[in-house]
Every structure is written in C-alpha cells, then in structure tokens.
There are 2 protein chains.
Amino acid sequence: MAATARKLETRASESRGENRREALLDAAAAMFAAKGYDGTSIRDIAGAVGMLPGSLYYHFKSKDELLLAVYRNGVARFEAAIDAALGSTAGDPWQAIEAACAAHLAILLDGGDYARIVSPEFVRSFPPDMVPVLNAERDRYERHFEKLIAALPLDPETDRWLFKVALFGSLNWSQTWYRKGRYTPGDLASAFIAMLRK
Amino acid sequence: MAATARKLETRASESRGENRREALLDAAAAMFAAKGYDGTSIRDIAGAVGMLPGSLYYHFKSKDELLLAVYRNGVARFEAAIDAALGSTAGDPWQAIEAACAAHLAILLDGGDYARIVSPEFVRSFPPDMVPVLNAERDRYERHFEKLIAALPLDPETDRWLFKVALFGSLNWSQTWYRKGRYTPGDLASAFIAMLRK
DNA sequence: CAGGCTACCAAACAAGTGTTTGCTATGGCA
DNA sequence: TGCCATAGCAAACACTTGTTTGGTAGCCTG
C-alpha cells in the first residue's frame with residue numbers, strides 16, 4: 001500500500017531524503033505481516049516500491065537490519081498506545097491495567113502491519129540469531145505490565161509472575177482467533193480482567 | 001536422534017519395511033521443531049537419517065505431505081494425553097478441566113518434537129495453503145475442551161467462548177516462557193484454573 | 001562550470017531450494 | 001532360476017535466495 005513510485009516529483013524534499021526509506025519500511029512491514037520474514041524476499045520488498053533489489057542495500061545494509069527496524073517500530077507503537085491509555089486513567093489499579101490491556105489489544109488486533117510482527121507467531125520465521133535481539137525489545141515493553149500488576153490487590157498466595165503470563169497469554173492468543181465485529185478490544189480487555197478478578 | 005543407518009541388519013523386518021519412514025518422520029519433527037518448516041531443507045532431513053535428498057521422495061511425495069504427517073502425529077499426542085487424563089478423573093468438572101490442562105501442558109512443554117510443531121508459533125513458517133488443513137486438525141482437538149467448559153458451573157454472565165480462548169491463551173503462551181525446573185505442568189494447570197475460578 | 005554526494009540501476013554472484021529422472025543392489029516368492 | 005517390488009543412489013533440473021559490484025543520472029555547493 002502507498003507504494004507508487006513518484007518519479008516526477010519536483011520538490012526535492014519529497015522525491016529525495018528519507019521518505020523512500022520509510023516506503024521500504026512500510027512495504028517490508030506489510031509483507032512480513034502477510035507472508036512472514038523468510039516468506040518475503042528482498043525482491044518482493046524492493047519491487048513493491050518500484051525499486052531494484054540491489055538498491056535496497058543503499059538504505060539497509062542487510063535484510064536483518066531491515067527486520068530490526070520494522071520490529072522496533074512495532075514495539076514503539078505498543079508503548080505509545082499504553083502510555084496514552086495510562087495518561088488518562090485515575091488511580092484505581094484494576095482500572096489502570098484494564099486500560100492498558102485494552103490499548104494493547106487495540107494495537108495487537110488492529111494496529112497495522114508493524115504491530116503484527118511483534119507477535120510470537122512470527123518468531124519462527126526470523127533468523128535464529130536475531131531472536132534474542134528482538135525479544136529484548138519486547139521484554140522492555142512487558143515490564144510496563146509488571147509494574148501495573150505489582151500494584152494490584154491480589155490474594156497473598158497468588159503468584160504475580162504467573163498472573164502476568166496468564167494475562168499475556170489471554171491477550172496475545174486473541175490474535176489467533178480474533179475477527180473484527182463480534183468483540184471490540186475494550187470488550188475483551190474487560191472480560192479477561194473480570195475473569196481474573198475475584 | 002536414532003538416526004544411524006543400519007546397513008548390516010540381517011532381520012529383514014527391521015532393515016526393511018516401515019521403519020525408515022518413521023526415522024524420516026522423527027528427523028523431520030526434530031528439525032522442524034528446531035528450525036521451523038522452511039528453515040529445514042529436504043537435504044537436512046534426508047542427511048540426518050543417512051539418505052540422499054531424492055530418496056526421501058520414495059516415502060513422501062512432497063515436503064508438504066511430510067509436514068502433514070508430522071503435524072497429525074503431534075495432534076494425536078495431545079489427544080492421547082487428555083484422553084488418558086480424563087479417563088482417571090472423577091465427576092467434578094473443575095477437577096476434570098484441570099486434569100486436561102495439566103495433560104495439555106505436559107505435552108506442550110515436554111512432549112517431544114512432534115507436539116511442539118502444533119503450536120501456532122510455527123504457523124508462519126508453514127506454506128500458506130497448508131495452514132487451513134493443519135488448523136482443521138487442531139480445531140478438532142480443541143473441541144474436547146469446549147465440552148469440558150460447557151460442564152463448568154460458571155457465572156451466568158460469563159461468556160464461555162471467551163473463557164475458552166482466555167484459558168487456551170494462558171496455556172499455550174506458556175510455551176514462550178517456560179523453562180524446566182521452576183514449575184511443573186501440574187503447577188501451572190492448577191494455578192491458571194485457580195485464577196479463573198471464583 | 002567543476003566536483004562531490006545522493007539515490008538508484010543493471011547485472012551478476014555463489015549458494016541453496018524442492019523435485020524429477022534413470023538406474024541399481026537387495027531380498028522374497030513362484 | 002527367473003521375476004518383481006522395494007528402497008535407495010547419483011546426478012541433474014529449474015529456480016529462488018541474499019548480497020556485491022561498478023556504473024550513472026540528478027541535485028547541491030563552491
């Protein structure tokens with residue numbers, strides 16, 4: 001999408017500069033999301049923006065670096081979403097975590113191609129040596145949730161680590177079955193939290 | 001594992017017959033689990049059992065067919081595990097579903113290479129036209145859990161479909177973080193069920 | 001107008017992919 | 001002894017992959 005080449009653009013600031021790099025990123029995100037990392041070739045990505053395969057290497061020095069850029073962009077969207085959600089929340093910890101979950105689900109389920117790639121569904125299509133690097137990016141994001149869970153008034157015998165993985169499982173698993181229409185991300189967030197709240 | 005060629009076997013029933021086919025299946029399962037479907041080549045699999053790439057096509061007529069055979073084997077292990085678990089359970093529905101969850105986790109987390117491939121983590125490394133076929137196999141399995149959830153005495157306003165996906169999320173997500181030692185599959189099953197039970 | 005930088009083209013590279021084909025050693029059966 | 005299915009070898013097929021290399025328009029600055 002938005003991949004038409006603009007050959008005859010006269011404004012130098014548009015036909016040159018950083019925007020072709022971003023076009024490559026957009027195309028890469030879309031194709032990674034659709035067909036996985038190694039289901040997508042350099043030729044596919046370059047072709048989508050009207051470029052030859054070799055030219056991509058002017059902007060990114062390897063396919064791995066391109067993946068990392070796309071992945072970072074995806075994680076950033078999640079972070080921005082929960083930052084925004086938590087900014088407008090009162091002090092109630094249950095309300096706060098529900099808002100964070102709703103924001104997380106909104107990005108996960110309908111946040112565009114960048115966000116979809118962050119899902120572990122894609123992990124197995126990544127080069128093995130890239131996986132630790134990418135996971136580190138995601139772990140940083142998950143720490144926001146650990147803080148929210150720490151503030152929750154849970155039963156003393158409830159393991160907060162297990163609470164976190166149970167919640168994250170419910171949230172992230174929804175990507176495997178969710179279809180637009182029946183539930184909104186907000187519906188799911190409140191339902192999941194209600195099930196875990198006693 | 002168990003991939004040594006037995007050239008000098010005299011017993012015909014061992015050096016011939018179906019056992020080379022099973023050796024290929026074992027090798028394929030191990031390598032798919034380790035490096036993903038398209039991270040594994042026909043040459044890798046054949047080489048692991050001391051065969052040349054072309055020879056594999058005597059046993060399987062395509063790489064896709066090999067994948068399907070491995071996947072079916074994986075699903076069968078899950079089914080066998082919960083069948084066994086439910087056979088020795090009393091009538092209490094909460095106890096029954098906890099037993100099923102424990103069995104599911106035991107296979108998911110420590111059930112060998114066949115079972116690991118059933119996880120959606122691998123979906124993106126499969127050929128797109130195979131995905132519906134494979135999902136159909138898994139859906140059949142999940143129906144066992146729907147029955148168990150239907151028998152649960154839940155609040156009337158609890159959506160049982162959402163209950164199922166929340167539970168499955170918690171269970172299957174554990175594959176992304178679980179490491180042997182700290183928790184047993186049984187620990188996790190009882191913790192997850194306790195969180196969802198009011 | 002000269003020189004250099006940006007952004008890209010054109011073409012090839014070496015390696016790896018799934019698969020097909022023709023042939024052959026082996027053992028069981030008539 | 002002759003025959004035939006089994007199980008695999010050896011070698012190639014056509015194709016795709018990520019990446020490199022040398023060249024070159026077009027613009028900006030001096």
Side-chain angles (χ1 to χ4, degrees), chain A residues 3-28 31-32 35-70 125-130, chain B residues 3-28 31-32 35-70 125-130:
Chain A
T4 55
R6 50 191 80 174
K7 295 177 182 176
L8 301 179
E9 206 76 41
T10 46
R11 298 274 302 128
S13 60
E14 289 191 8
S15 68
R16 297 176 70 83
E18 291 283 293
N19 55 349
R20 306 268 34 212
R21 183 189 150 102
E22 274 193 53
L24 283 170
L25 276 174
D26 287 349
M31 307 195 80
F32 289 168
K35 307 197 298 174
Y37 176 75
D38 52 22
T40 304
S41 73
I42 293 287
R43 284 163 180 79
D44 291 339
I45 300 167
V49 305
M51 232 162 71
L52 289 181
S55 309
L56 185 146
Y57 286 82
Y58 175 76
H59 299 279
F60 302 94
K61 67 169 188 266
S62 73
K63 196 188 177 187
D64 284 6
E65 197 190 272
L66 175 56
L67 169 62
L68 182 56
V70 170
S125 84
F126 296 156
D129 46 315
M130 287 295 289
Chain B
T4 55
R6 48 193 81 174
K7 298 177 183 177
L8 300 178
E9 206 76 41
T10 46
R11 300 273 304 129
S13 61
E14 288 191 9
S15 67
R16 296 177 69 85
E18 291 284 293
N19 55 349
R20 306 286 328 173
R21 182 188 151 102
E22 273 193 52
L24 283 170
L25 276 173
D26 287 350
M31 308 194 78
F32 289 167
K35 307 197 298 174
Y37 177 74
D38 51 22
T40 304
S41 73
I42 293 287
R43 283 163 180 80
D44 291 338
I45 300 166
V49 305
M51 230 161 73
L52 289 180
S55 308
L56 184 145
Y57 286 82
Y58 174 77
H59 299 280
F60 302 95
K61 66 169 187 264
S62 73
K63 196 187 177 187
D64 284 7
E65 196 191 273
L66 176 55
L67 170 61
L68 182 57
V70 171
S125 86
F126 296 156
D129 46 316
M130 287 295 290

Applying side-chain contact (heavy atoms from CB on, under 4.5 Å), name anything that partners [X], two or more places apart in sequence or on another chain.
X: A:Pro128; result: none
X: A:Phe60; result: A:Arg21, A:Leu24, A:Leu25, A:Leu56, A:Glu65, A:Leu66, A:Ala69
X: B:Thr40; result: B:Met31, B:Phe32, B:Lys35, B:Asp44, B:Ile45

In whole angstroms, how far is the [atom2] atom of [N] from the [atom1] atom of [X]?
X: B:Met51; N: D:dC9; atom1: CE; atom2: P; result: 7 Å
X: A:Phe60; N: D:dT19; atom1: CZ; atom2: P; result: 13 Å
X: B:Asp64; N: C:dG18; atom1: CG; atom2: C1'; result: 10 Å
X: B:Leu52; N: C:dC23; atom1: CG; atom2: P; result: 18 Å
X: B:Arg20; N: D:dC9; atom1: CZ; atom2: C1'; result: 13 Å
X: A:Lys61; N: D:dT21; atom1: NZ; atom2: P; result: 15 Å

Between OG on residue A:Ser55 and CD1 on residue A:Ile42, distance to nearest 0.5 Å: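 Those atoms lie 11.5 Å apart.
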Which residue pairs satisfy the salt bridge (charged side-chain N to carboxylate O under 4.0 Å, His left out) criterion with at least one member in residues 48-59 of chain B, sequence neighbours excluded?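 The answer is none; no pair qualifies.
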Phosphate contact ([N] OP1 or OP2) by [X] side-chain N/O below 4.0 Å:
X: B:His59; N: D:dG8; value: yes
X: A:Ser55; N: C:dC9; value: yes
X: A:Tyr58; N: C:dC8; value: no

Does A:Lys63 make a cation-pi contact with A:Tyr37 (under 6.0 Å, within 45 degrees of the axis)? yes
What protein N or O atoms touch nucleotides 16-18 of chain D N or O atoms at under 3.5 angstrom, if any, and at what distances?
from   : atom 1 : to      : atom 2 : distance (Å)
D:dG18 : OP1    : A:Thr40 : O      : 3.4
D:dG18 : OP1    : A:Lys63 : NZ     : 2.5
D:dG18 : OP2    : A:Ile42 : N      : 2.9
D:dG18 : N7     : A:Arg43 : NH1    : 2.9
D:dG18 : O6     : A:Arg43 : NH2    : 2.7

Side chains of B:Pro127 and B:Leu67 in contact at under 4.5 Å (non-hydrogen atoms): yes
Paired stretches of DNA chain D - 3 or more consecutive Watson-Crick or G-U pairs, each distance under 3.5 Å: C:4-13 with D:18-27, C:15-30 with D:1-16
B:Arg20 (side chain) donor-acceptor with B:Met51 (main chain) under 3.5 angstrom: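 It does not hold such a pair.
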Using the test ring pair (Phe, Tyr, Trp, His ring centres under 6.0 Å), find all partners of A:Phe126 that sit at least two apart in sequence or belong to another chain.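 A:Phe126 satisfies ring pair (Phe, Tyr, Trp, His ring centres under 6.0 Å) with no other residue.
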